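Values below: all heavy atoms of this structure, side chains included; hydrogens, waters and symmetry mates excluded. Everything quoted here is computed from the prediction, not taken from an experiment.
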Amino acid sequence: MTKLETEMLKGTLEGVILASLSGRPAYGYEITARLREQGFSDIAEGTVYALLLRIEKRGLVDVEKVPSEMGPPRKVHSLNAQGREYLEEFWRAWSFLTERLEQLREGGK
């Protein structure tokens, strides 16, 4: 991933994580693995955990501690109603921006 791609991703990563959770609940490492499968190969696990904590504090996800076969219980995150609302807002903003950027790329038509 280029430096420019990394910088652009920083502003959208919260929405990307919420989108990942919209399909099904997951714990931090699982989210990281999903994102890497989607081509976000340079995302650090620590970044995902930090954003999950912030998302949790903002009340966008519900958290359930689930026993783990290896080590302490895992925090499984699931998108709640407030998180779904925020994700819808994120997609509206994303659509607005991509439409405007496409117009600019096509010469302002």
Side-chain angles (χ1 to χ4, degrees):
M1 191 176 289
T2 68
K3 182 175 171 100
L4 179 58
E5 289 169 335
T6 300
E7 289 300 314
M8 292 175 84
L9 182 60
K10 282 181 185 177
T12 59
L13 197 50
E14 205 172 84
V16 169
I17 289 172
L18 291 174
S20 173
L21 289 171
S22 69
R24 63 179 155 69
Y27 56 94
Y29 179 78
E30 188 177 11
I31 294 167
T32 304
R34 284 184 196 173
L35 294 178
R36 288 180 178 161
E37 287 173 7
Q38 295 294 317
F40 297 102
S41 57
D42 292 344
I43 291 178
E45 212 173 316
T47 300
V48 171
Y49 283 108
L51 283 169
L52 282 171
L53 185 58
R54 185 164 63 189
I55 289 167
E56 183 181 339
K57 285 181 179 178
R58 291 178 53 204
L60 303 177
V61 293
D62 293 329
V63 177
E64 179 183 356
K65 290 193 176 185
V66 176
S68 171
E69 294 174 8
M70 301 167 40
R74 292 182 173 153
K75 288 173 71 173
V76 176
H77 299 79
S78 58
L79 203 57
N80 61 25
Q82 188 175 342
R84 289 190 189 287
E85 196 174 297
Y86 180 88
L87 183 58
E88 287 177 24
E89 184 182 325
F90 171 82
W91 286 128
R92 280 192 298 275
W94 181 258
S95 294
F96 174 83
L97 288 171
T98 56
E99 288 170 13
R100 297 317 171 279
L101 289 169
E102 191 62 36
Q103 288 174 355
L104 287 170
R105 185 167 79 169
E106 293 175 0
K109 297 176 185 174

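- Under the 4.5 Å side-chain criterion, counting only non-hydrogen atoms from C-beta, E102 is not in contact with E99.
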When the side chains of residues 59-73 are checked against the rest of the protein, which donor-acceptor pairs come out under 3.5 Å, sequence neighbours left out?
from	atom 1	to	atom 2	distance (Å)
D62	OD1	N80	ND2	3.2
S68	OG	M70	N	3.1
S68	OG	M70	O	2.9

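- Placement of I43 and Y49 in two distinct hydrophobic clusters is found when ILVMFWY residues are connected by side-chain heavy-atom separations under 4.5 Å, directly or transitively.
- Under the 4.5 Å side-chain criterion, counting only non-hydrogen atoms from C-beta, V48 is not in contact with E45.
- Considering CD1 of I31 and NE2 of H77, their distance stands at 6.5 Å, rounded to 0.5 Å.
- Here salt bridge (Lys or Arg N to Asp or Glu O under 4.0 Å) pairs that include residues 27-43, with residues two or more places apart or in two chains, are R24-E30, E30-R34.
- The shortest side-chain heavy-atom distance between L35 and I17 falls under the 4.5 Å cut-off.
- Transitive grouping of hydrophobic side chains (ILVMFWY, heavy atoms separated by less than 4.5 Å) keeps Y27 and F40 in distinct clusters.
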Open item on the list: The test is side chain to side chain contact (heavy atoms under 4.5 Å, CB included); show your working for R54 and L51 and say whether it passes.
Closed with: CA-CA 5 Å; R54 185 164 63 189; L51 283 169; 2.7 Å; yes
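- With hydrophobic clusters built from ILVMFWY side chains whose heavy atoms lie under 4.5 angstrom apart, V76 does not share a cluster with L87.
- With values rounded to the nearest 0.5 angstrom, L97 atom CG is found 8.5 Å from R100 atom CZ.
- Atom-to-atom distance recorded for Q103:CD and T98:OG1 is 10.0 Å, nearest 0.5 angstrom.
- Residue L18 holds its CG atom at 10.0 Å from CG of L13, rounded to the nearest 0.5 Å.
- Listed by first and then second residue, the side chain to side chain donor-acceptor pair (under 3.5 Å) pairs involving residues 81-96 are E14-Y86 (not counting sequence neighbours).
- Between the side chain of T2 and the backbone N or O of E5, at least one donor-acceptor pair lies under 3.5 Å.
- Here K10 pairs with E7 under the side-chain hydrogen bond (donor to acceptor under 3.5 Å, both in side chains) rule; sequence neighbours left out.
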